[in-house]
Every structure is written in C-alpha cells, then in structure tokens.
Amino acid sequence: MKALRDRILKDGKCYPNGILKVDKFINHQMDPNLMKQVCVEFIRRYASTEINKIITIEASGIAPAIMMGFLLDLPVVFAKKKKPSTMGDMLSTTVFSFTKQREYHVVISKEYLGKGDKVLFVDDFLAYGNAAKGIIDLCRQAGAELVGMGFIIEKAFQHGREVIEAAGVRCESLAIIESLENCEIKLREE
Ligand code: 5GP
C-alpha cells in the first residue's frame, strides 16, 4: 500500500532490538485519513470472506479495529489486558510482549466471542506473533472461527507470519519490513 509505505519511510523511526516507532501516525498521534485507507485495503483483501465481528487486542489495535467496524457496520471486540471486576464468564490466555519483555494475561468475555462468530483480527504490528497466538487460542476456546488476521505493518524478520500460517489462518499485512538493520528501514517491494 503506497500511501502507508511512503508514510513509514517519512515518519517511521528505528529503535534498537528491531523496534519501529510509528507514533506520529499510527499508535500515539493518529492519522484518521491514513487509517481509513488502511481499513479500505483490508476490506478489499477480505471482500470474499464472511465476517460478523472484528477483534483486536488493546491498546494499539483499537484504532484500526473501530475504523473497520465502522466501515463494515460490524461490532468490534478487544481483548483486555486487565480483567475488569465486573466481567462474568471469560476466556483467558497468556501473551508475551517483546516490546515490554513480560507476560500478561488477556481476557475476553464469553458474552462477546463464541460459537458461530466469524471474526477478523486486526492489529498495528505483526512481530513474533505472540499476540496473534493468544488470539488464535482465545478463538479456539470460544469455538469461534478466525477467518483472517490483518496487520498494518509486518516485520518479516521476526517471523510471526509462520505462527499464523501454521495455525491455518490467513494473514494479510499492508507494509512488510524486511530489515531494520543499521537503523535503515527496508521495505519489501510490492
Ligand atoms: P508480537 O506479539 O507479534 O510479537 O508483537 C505484536 C505486538 O507488539 C503489537 O500489538 C504491537 O503493539 C507491539 N509491537 C511489536 N513490534 C513493534 C514495533 O516495532 N513497534 C511498535 N510500536 N509496536 C510493536
């Protein structure tokens, strides 16, 4: 997606340990117009797929997810990193965050993910696939069908796609980074 690739090259910043900072337009300050273009592209790619719900994980996935839900007129559910005291029956799994270097529990109420759901997951980044693995587990526990996963940016050198495809789930990402070595952003050609 050209607009996204151009923006990553213009405003993305490399950090040590393979981290790309995109907080000028995706996950701190946000560009709603670019986010809309991103979601229109996800919708184009999943046009022939039946979807009844969008899911994501807090916090950075919420912006693309709500835009997807708005454009498709579908409900949006996000996996929470803290269990609210008011949550009843829930599904729970563990996710390792490599940006924070720690494990955390994520939960979704059984009320909002269950048998018969055909869900599309969206998130800002695909790195090692740990968040994706957690979502795959939550969908399996719920008996929901995970029809696909969509990422705004995939860091191919961290191999998260292998986790998703090994689980038999379709994976789409809109900008693929081959390398961040020497603080140089190398994007895969389209
Ligand atoms: P994974 O679970 O695939 O290892 O990592 C994905 C999650 O970690 C995403 O939800 C994202 O919020 C965060 N993340 C992974 N890599 C990066 C990165 O390079 N930059 C930023 N800003 N977040 C990242």
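Counting starts at 1 for both ligands and their atoms, in listed order. Side chains are part of it too, since the values below use all heavy atoms of this structure and drop only hydrogens, waters and symmetry mates.
Contact residues of ligand 1 (protein heavy atom closer than 4.0 angstrom to a ligand atom; sorted by chain and number): Gly18, Ile19, Leu20, Asn27, Phe98, Thr99, Asp123, Asp124, Phe125, Leu126, Ala127, Tyr128, Gly129, Asn130, Ala131, Lys155.
Residues meeting the salt bridge (Lys or Arg N to Asp or Glu O under 4.0 Å) test with Lys100, sequence neighbours left out: none.
Applying the ring pair (Phe, Tyr, Trp, His ring centres under 6.0 Å) test to pairs two or more places apart or on separate chains, those with a residue in residues 123-150 are Phe98-Tyr128.
For the pair Asp117 (side chain) and Gly114 (backbone), a donor-acceptor distance under 3.5 Å is present.
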Quiz prompt | Ile55 vs Ile135, side-chain contact (heavy atoms from CB on, under 4.5 Å): CA-CA, chis, key distance, verdict | solution = CA-CA 9 Å; Ile55 61 168; Ile135 293 297; 3.6 Å; yes

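No salt bridge links Asp6 with Lys10; every basic N to acidic carboxylate O contact stays at or beyond 4.0 Å.
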Which pairs of donor and acceptor atoms, one on a side chain in residues 69-95, lie under 3.5 Å apart (sequence neighbours left out)?
from  : atom 1 : to     : atom 2 : distance (Å)
Lys81 : NZ     : Glu58  : O      : 2.8
Thr93 : OG1    : Asp137 : OD2    : 2.7

